[in-house]
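Worksheet for the structure shown next.
Because the structure is predicted, anything quoted here is derived from the model rather than measured.
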Amino acid sequence: MIKAIKGTKDLLPSDVPRWHYLEDIVKKIFTNFNYKEIRTPIFELTSLFARSIGEETDIVGKEMYTFEDMSGASITLKPEMTAGVVRAFIEHSLGAQQQLTKLYYISPMFRQEKPQAGRLRQFHQFGGEAIGSASPILDAEMIQIAFDILKSLGLKDLTVKINSLGTTETRENFKNLLREFLNDKKDKLSEDSKKRFDNNILRIFDSKIEIDQKLLADAPALIDQLDDESKNDFDLVKEYLTKINIPFEIDPHLVRGLDYYSKTTFEIISGKVGAQDALLGGGRYDLLAEQLGGKPTPAVGFAAGIERILLACENENSFKVDELSIDIYLIRIDKELELKVSELASELRRKGLRVEYDYLQRSVKAQMREANKFNARFALFIGGGEYEEGKMNLKDMKTSEQKLIPIDNISEVIDNIKI
RNA sequence: GUGGGCGUAGCUCAGUUGGUUAGAGCGUCUGGUUGUGGCCCAGAAGGUCGUGGGUUCAAUCCCCAUCGCUCACCCCA
């Protein structure tokens, strides 16, 4: 038997209503903030991701689905959305139409990692990108959108974490400071952290290993080394978040993994999922547009993992979706009326009703059982004595009341149903 | 890539200290009088007990391998 590829999942009809529910909320809230949806291709030139996300990151280094197309070009299935959005922004000069471009998306992403709870190889994200303003108020607003969406989904066990990485310059200075601090302690670090020391020293703060955390106890914090501008901006973000009632924690260890982040970074985590507890993450990326060949354009955005969020919703039992139901089930009493039934059904469907009937020549009892299973509001009996008299029985499935309706008066059926 | 757990009907799971025809609940299908659901009742279909090899008179059960799923580390949404 051929099965779905490791790390991919079928979304079955029973799963889809929950996705629609989430997507509707995402669209609603982004629209309230006047964001417009953008859809970019599922694959891009590999170099786009290498240049934006960073050659040294795990995503680019070992997790991308990369292949050659017929022309020999290196193509990659998108592992995240920001690079593609910024590419499209530059390519179509979206910034020329207005100063600030506000975009959102819902899309599959691909990363070749080992699957676990809340992590798939094809997964889905929604997110937003606001390109064209350096205002820290926009940072706070971005966090508000993210937070409001999760709240609207009924999630409660949430923690908003924020941090500032400062400008590239402050970050480089800080890395040097940290290197100096750790230099004589380097040998005592865990194996993983020794690697981080060379590759991405900031990530050492993320270590879950006790020895590392002990060694870091007196380490300098990036947040204390911020340049004036970054510090002012960060203070404004905090002030604004407080004004709009978003509870947050400052997490000086919050280092986003992608190279393009600067200044504000944030993450919202859930206490109701497994080890992969970050439901969403984002931050400011003021240098990316220029890095990809556009004009210098400050921007801020976030990306949210839909599977993780739905997992949290399930574990918190945060929302319920209605069972699907149909308006009317047509019951064929006499075998020879098969065509008449389908004719009636198509007429009712064209009038906009949700209609079902039996295609398997089953008994009236079986048809009724199915009508019940589909949660039909009405059953319409076609055939028998009343049919010969030009009538059909319309049965209300809740009250079990029946009434006779003329066969040629379909609008009376509809009137009954539309009430 | 490293490590732990698990693979028995469509689903959730029992089970056998190795021994005749492998079970339950849910779901599916049929029927419970002539044309009417939900509850109830009766019955049916559905399993190479993940796969391959080994031990044994005998393996779903023990051993080995393999594949798959799952959780955790790394990293990230």
message: Would you call the rings of A:His253 and A:Phe205 parallel, tilted or perpendicular, taking 30° and 60° as the class edges?
response: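 Ring orientation of A:His253 relative to A:Phe205: parallel.
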
query: Which is true for A:Asp58 with a 4.0 Å heavy-atom rule: it touches a base, it touches only sugar-phosphate, or it touches nothing?
result: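 Sugar-phosphate, no base atom in range.
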
field: Minimum-distance nucleotide to A:Arg196 side chain [options: B:C74, B:C76, B:A72]
entry: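 Selected nucleotide (nearest to the side chain): B:C74.
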
- request: With the side chain of A:Arg362 defined as its heavy atoms from C-beta on, choose the nearest nucleotide among B:G31, B:C29, B:A77.
  value: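 From the listed options, B:C29 comes nearest.
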
- prompt: Just checking, is any N or O donor in the side chain of A:Ser107 or A:Lys78 under 3.5 Å from an acceptor N or O on the other one?
  reply: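 Their side chains do contain a donor-acceptor pair, which is all the 3.5 Å distance test asks for.
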
query: Does atom NZ of A:Lys156 have more than 12 heavy-atom neighbours, drawn from other residues, nucleotides or ligands, at distances under 6.0 Å?
result: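 Counting neighbours around NZ of A:Lys156, 12 or fewer heavy atoms of other residues, nucleotides or ligands fall under 6.0 Å, so no.
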
Polar side-chain contact [X]-[N] base: donor and acceptor under 3.5 Å:
X: A:Gln112; N: B:G1; value: no
X: A:Gln402; N: B:U36; value: yes
X: A:Lys365; N: B:U30; value: no

Review item, side-chain donor-acceptor pairs of residues 122-129 of chain A, under 3.5 Å, at least two apart:
unit_1, atom_1, unit_2, atom_2, d
A:His124, ND1, A:Glu307, OE2, 2.8
A:Glu129, OE1, A:Tyr285, OH, 2.5
A:Glu129, OE2, A:Thr82, OG1, 2.8

message: On the nucleotide B:U36, are OP1 or OP2 found under 4.0 Å from the side-chain N or O atoms that A:Ser400 carries?
response: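 Checking B:U36 against A:Ser400, no side-chain N or O comes under 4.0 Å of OP1 or OP2.
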
- prompt: Phosphate oxygens OP1/OP2 of B:C76: is one of them under 4.0 Å from a side-chain N or O of A:Arg203?
  reply: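 For A:Arg203, the contact criterion (side-chain N or O under 4.0 Å from OP1 or OP2 of B:C76) is met.
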
message: Which is more 5' along RNA chain B, the nucleotide nearest A:Val273 or the one nearest A:Lys3? Just name the residue.
response: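 Nearer the 5' end of the strand: A:Lys3.
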
query: Who does B:G7 pair with, Watson-Crick or G-U, both distances under 3.5 Å?
result: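 Result: B:C67.
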
